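Please read the structure below before turning to the comments.
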There are 2 protein chains.
Amino acid sequence: MTNVLASQTVLLYDRLRAAILSLDLAPGERLTERGLEASFDASRTPVRAALGRLDAEGLVQRVGRGWIVSPIDLAEIGALAELREAVEGAAVRLAVQRATDAQIAAVAALLEAAGPGDLAGDAEQGVRAGGDFHEQLARLSGNPAMVDTVRGALTRLARTRWLEVRTPAARAQAWQEHRAVLDALDARDADTAAQLLTGHIRGTNDRLLTALAADTRRLRGHGLAILPDTPPTAPR
Amino acid sequence: MTNVLASQTVLLYDRLRAAILSLDLAPGERLTERGLEASFDASRTPVRAALGRLDAEGLVQRVGRGWIVSPIDLAEIGALAELREAVEGAAVRLAVQRATDAQIAAVAALLEAAGPGDLAGDAEQGVRAGGDFHEQLARLSGNPAMVDTVRGALTRLARTRWLEVRTPAARAQAWQEHRAVLDALDARDADTAAQLLTGHIRGTNDRLLTALAADTRRLRGHGLAILPDTPPTAPR
DNA sequence: GTGTCCGATTTGGTATACCACGGCGGTGTA
DNA sequence: TACACCGCCGTGGTATACCAAATCGGACAC
């Protein structure tokens with residue numbers, strides 16, 4: 001109970017979140033408060049607080065009286081991609097109007113620092129770099145609500161996005177497309193920037209779904225719960 | 001400890017939420033866990049759980065170690081309106097593609113049931129009817145992520161939206177604009193539907209901001225905390 | 001009169017005991 | 001053998017005691 005710098009709750013939340021995102025806790029896995037209490041060496045109070053936050057983020061869910069790690073849901077992935085297209089597309093249009101050249105340059109510098117993608121790092125790093133880029137880009141809109149929405153969607157997608165950037169070629173493509181969006185933004189070309197960005201999101205999602213479909217059997221073999229794709233045609 | 005039908009936590013959450021949305025708990029008001037425990041006759045555990053959920057919804061915030069009811073923030077209102085334009089505009093375009101005639105008719109029936117707006121009810125009822133309409137409309141997209149985003153934005157806006165529908169004329173205008181969107185949707189005219197909807201959202205927001213600016217002094221007199229509008233870099 | 005220091009009080013953070021409910025298994029009976 | 005009942009055990013839900021930190025007040029010294 002030393003409470004060194006941050007509260008137990010925050011630390012526990014971070015650790016649980018990391019365990020879920022790294023798939024150490026498998027999608028669909030049942031969680032018990034007392035089990036987590038033992039695994040993470042904390043009492044139930046912070047465990048419950050962390051679960052509550054993760055529930056709000058969509059990373060865990062209630063099932064009956066209990067908890068599970070949110071399964072990977074192909075329908076949800078598609079829905080989140082559509083949401084991202086709408087929000088990020090609008091955000092980049094706002095950025096064309098509002099972002100200063102210096103702000104755009106800062107994001108470009110960030111992108112350059114990450115390298116052309118095929119040089120640096122692994123898939124996990126690619127996911128983080130991509131997520132950072134999209135969040136920074138959204139931030140240029142000056143609209144915090146949009147940033148939050150984008151970040152939330154990226155979080156819920158984080159467990160699967162690495163599938164799409166496994167190969168250096170895929171990371172290089174993503175990097176190029178990010179670069180093209182920034183160029184259009186820098187040229188204050190809203191239509192091109194928005195179209196490039198939404199096309200990038202859509203293409204990424206398509207490749208992700210393809211990879212997921214191909215890997216579903218293998219992933220299930222690893223204990224991952226993958227929900228079938230019930231296409232978004234029917235409301236409710 | 002009777003636990004009649006729903007858990008203490010859920011009931012407490014509902015009551016706290018209602019108190020905030022009805023302005024019984026004023027924006028900016030400081031909340032203490034032990035004070036709420038006493039006011040709502042529950043123990044701190046469900047109080048903390050409810051505060052956590054409300055925090056995730058943006059209805060309360062942490063300030064230092066404590067809690068406050070989220071102040072009314074003009075910048076946030078504008079940002080949420082922009083977010084709604086992006087998401088609802090995209091949603092209605094998806095609805096044009098995906099919603100069945102029967103589903104559209106169901107929403108239209110709901111709208112008709114609410115009446116032309118100037119007949120039925122007060123401002124509070126107008127807010128609820130409007131919120132329901134926008135949520136149902138988003139649901140026609142078949143995209144739950146968009147529905148959640150819209151609902152979240154409407155929730156965070158709920159405390160101020162009544163200002164915009166105080167007069168029967170304003171409610172009638174909103175009803176007409178809703179009706180026009182549905183007509184365009186029914187005609188499968190995506191561009192018109194989206195333009196009408198985003199225009200409606202923008203117009204509503206403009207009138208809301210006008211009303212808020214006019215009433216700020218009076219509202220502050222009632223103890224409401226209104227944050228100044230630090231515009232997101234450039235007006236529309 | 002003013003500034004500083006110290007302590008009491010109040011706060012959120014945490015640990016834990018207790019409760020009711022529900023599922024599972026064993027046992028007894030038909 | 002099959003089925004029904006009953007009780008144990010594990011679950012999340014709740015209440016509460018205790019802790020550390022922050023704040024506020026007063027008293028004292030200058």
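The structure displayed is predicted, hence computed values, not measured ones. Chain letters run A, B, ... following the sequence lines, proteins first, then strands; residues in each count from 1.
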In whole angstrom, what separates [X]'s [atom1] from [N]'s [atom2]?
{"X": "A:E37", "N": "C:dT16", "atom1": "CD", "atom2": "C1'", "result": "9 Å"}
{"X": "A:L36", "N": "D:dG12", "atom1": "CG", "atom2": "P", "result": "9 Å"}
{"X": "A:L51", "N": "D:dG12", "atom1": "CG", "atom2": "C1'", "result": "11 Å"}
{"X": "A:D55", "N": "D:dG12", "atom1": "CG", "atom2": "P", "result": "13 Å"}
{"X": "B:R44", "N": "D:dC19", "atom1": "CZ", "atom2": "P", "result": "14 Å"}
{"X": "B:F40", "N": "D:dT14", "atom1": "CZ", "atom2": "C1'", "result": "18 Å"}

Item to check | Where B:A50 and B:L16 come nearest, the two heavy atoms and their spacing | outcome: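 Heavy-atom minimum between the residues: CB-CD1, 4.2 Å.
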Item to check | Partners meeting salt bridge (charged side-chain N to carboxylate O under 4.0 Å, His left out) with A:R161 (sequence neighbours left out) | outcome: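 Salt bridge (charged side-chain N to carboxylate O under 4.0 Å, His left out) check on A:R161 returns nothing, list empty.
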Checklist entry - Listed by chain and number, what are the salt bridge (charged side-chain N to carboxylate O under 4.0 Å, His left out) partners of B:R53, not counting sequence neighbours? => result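 B:R53: no salt bridge (charged side-chain N to carboxylate O under 4.0 Å, His left out) contacts found.
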Using atom names, set out every protein N or O paired with an N or O of nucleotides 9-11 of chain C below 3.5 Å, distance rounded to 0.1 Å.
unit_1	atom_1	unit_2	atom_2	d
C:dT11	O2	B:R65	NH1	3.2

Between side-chain atoms of residues 149-158 of chain A and protein atoms elsewhere (two or more places apart, or another chain), which donor-acceptor pairs fall under 3.5 Å?
unit_1	atom_1	unit_2	atom_2	d
A:T149	OG1	A:A145	O	2.9
A:R151	NH1	A:E135	OE2	2.8
A:R151	NH2	A:D148	OD1	2.9
A:T155	OG1	A:R17	NH2	3.4
A:T155	OG1	A:R151	O	2.9

Next on the checklist: Starting the side chain at C-beta, find the nucleotide from D:dG12, C:dA15, D:dA15 nearest to A:T45.
Outcome noted: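 The listed nucleotide nearest to A:T45's side chain is C:dA15.
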Next on the checklist: Closest approach to the side chain of B:P46, judged atom by atom: which nucleotide of C:dT14, D:dA15, C:dG12 is it?
Outcome noted: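 That would be D:dA15.
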Item to check | Residue pairs passing the salt bridge (Lys or Arg N to Asp or Glu O under 4.0 Å) test where at least one lies in residues 30-43 of chain A, sequence neighbours excluded | outcome: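 Qualifying pairs, neighbours excluded: A:E33-A:R44, A:E33-A:R48.
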Checklist entry - Tell me the ring-ring contact (aromatic ring centres under 6.0 Å, His included) pairs involving residues 19-69 of chain B, sequence neighbours left out? => result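 Not a single pair qualifies under ring-ring contact (aromatic ring centres under 6.0 Å, His included).
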